[in-house]
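One structure is given here, and the rest of the page talks about it.
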Number of protein chains: 2
Amino acid sequence: MNLETKYWHLHNHKLMNVLSSAELKEICLITNFKTAKKGEIIYFSHDESSRVYTLKRGTIKIVEIDAKGNEIVKDILQEGDLFGQFTLTDETLDEYAVAMSDYITCCSFRLDDFEKVIERNPALALRYTKWMGFRLKRLENRYANLVFKDVRSRLISFLKDWATKEGSNNNNEIILKNYLTHQDIASLICSTRQTVTALFNDLKEKGALDYSRSEIIIKNMTLLT
Amino acid sequence: MNLETKYWHLHNHKLMNVLSSAELKEICLITNFKTAKKGEIIYFSHDESSRVYTLKRGTIKIVEIDAKGNEIVKDILQEGDLFGQFTLTDETLDEYAVAMSDYITCCSFRLDDFEKVIERNPALALRYTKWMGFRLKRLENRYANLVFKDVRSRLISFLKDWATKEGSNNNNEIILKNYLTHQDIASLICSTRQTVTALFNDLKEKGALDYSRSEIIIKNMTLLT
DNA sequence: AAGTAAATGTCGGCTAAATGACCAAATGGA
DNA sequence: TCCATTTGGTCATTTAGCCGACATTTACTT
């Protein structure tokens, strides 16, 4: 298997496609692969040094656990997304990634190797910088949401976001292929399973949407309030 | 006034001190100054393009307002800190900076000019990258705090943070020069004035701290729970 | 020194939403 | 096909902490 084939996904990556083939090889040499099945925990072993990961295939969630064992889903990531430890921090949070689809593949490199490449590649640096800016922005929005809005509005803006990102339109209805349980959604919007279930049923009654375990159908955007 | 004098603070800046004098001039040419008095609102005019600011002197707070006019303090910044619009976003949040000390000075450059410099300066790029990483980390912590902890623990970890950052030690007591009102603290930890006041009095009763309007004295760290 | 504005103190009522407990339905594996 | 596990549905109870409303204290101005 030659490099170009093995690492095609780096070529297509939103961050990586500013790199020349030569530079790509450089990263490739320091690249590691990992695979995992549904439900498996993927990473954040505290012993090895900081690593950055790119998700090649599948869907994962980034989860944080507090002292009492409550979990909060920090992010849902899909093909092409980056995750991992971008800062060298001693305080190792109880944070890890869980595979949500049947088979996921990701590859990783050490943060300091990545930084070396960045240092020699300003264009990549700029891209990386912008990408971080977007992450920051998104987190800021989530934070503001949490502070300002009640659970109902959080759920609704979550659904709307989801719809614009992944919704497939079907004569006035937006269909969301659903890989999240009410529990997942709850911890994404910082609420509880029961509350989410209740809200879903309320929205269903009002004719705003319909849902099963495998999909959510938004029937009427204007009723989604 | 020559450039070297006028822009001394760029030389000392944690981000900028990797720049050569020549490169510095380049940024300087596209630099703008602003000053403001206590209480004045500094920036975020929606008409001009994205700008990055560095705070030369004083203390400011970054504030966001929601529809109902509730304000949330997103950050307290001091000399040397960077703020502004790091991403080119259309959705202009209701966000602005307010001067908290008597006289503040900051200077700014257009984001795209800044980016041009970054693109030609890998060392700066790497620094900028790391700096953003820290911002991200900090916000993540705040987010997790908000989700996991109650108001009391949020206040306490806020005080502890503050103490390690700015506390001056005085025979077993840590003194914090206080420029924040209970209202400010409340909106920093996402609570209300009344609750913060009540908690402060409770901590005072327990002998953990003492306070006036101008300072907070942490008398016993172990009682701060 | 007096007057005013801003910051703190205190309290009871109120409510969104968490919690816990239990049951029903769906899913998937053997 | 059956059984076990996961997911969803519902309700009664509890609670943290928000929200006025008002009194008191501190700081600033003239």
request  = Using only side-chain N and O atoms of Thr195(B), determine if any of them is under 4.0 Å from OP1 or OP2 of dC18(D).
outcome  = yes

query = How many Å lie between OH on Tyr179(B) and P on dA7(C), as a whole number?
reply = 16 Å

inquiry  = Is it the case that over 12 heavy atoms from other parts of the model lie below 6.0 angstrom from the CG atom of Asn172(B)?
reply    = no

note = For Arg142(B) and Tyr143(A), the nearest pair of non-hydrogen atoms, with its separation, is NH2-OH, 2.9 Å

query = With a non-hydrogen cut-off below 4.0 angstrom, is Ser191(B) in contact with a base, only sugar-phosphate, or nothing?
reply = sugar-phosphate

key: Gln183(B) CD - dC19(D) P separation (whole Å)   = 11 Å

inquiry  = Classify the ring geometry of Trp131(A) against Tyr128(A): parallel below 30°, tilted from 30° to 60°, perpendicular beyond 60°.
reply    = parallel

inquiry  = With hydrogens left out and only the distance checked, is there a donor-acceptor pair under 3.5 Å joining Arg213(B)'s side chain and the base of dT25(D)?
reply    = yes

task = Could you check which residues of residues 196-211 of chain A get a heavy atom under 4.0 Å from DNA chain D? Sort them by number, please.
result = Thr197(A), Asn201(A), Tyr211(A)

key: Check: Leu136(B) main-chain N/O paired with Arg135(A) side-chain donor or acceptor under 3.5 Å   = no

query = Rounded to whole angstrom units, what separation is found between the CD1 atom of Ile185(B) and the P atom of dG9(C)?
reply = 11 Å

key: Polar side-chain contact Gln194(B)-dG20(D) base: donor and acceptor under 3.5 Å   = yes

inquiry  = Taking donor-acceptor contacts at under 3.5 Å, does the side chain of Arg152(B) reach the base of dG17(D)?
reply    = no

task = Calculate the interatomic distance between Arg193(B) atom CZ and dT8(C) atom P; express it in whole Å.
result = 8 Å

key: Sub-4.5 Å side-chain heavy-atom contact between Lys206(B) and Leu223(B)   = no

key: Rounded distance in Å - CD1 (Ile189(B)) to C1' (dG17(D))   = 12 Å

key: Nucleotide dT8(C), atom C1' - distance to CG of Leu180(B) in whole Å   = 15 Å

task = Classify the ring geometry between Tyr211(A) and Phe200(A) as parallel (under 30°), tilted (30 to 60°) or perpendicular (over 60°).
result = tilted

request  = Respond yes when some side-chain nitrogen or oxygen of Thr192(A) is under 4.0 Å from OP1 or OP2 of dA18(C), and no when none is.
outcome  = yes

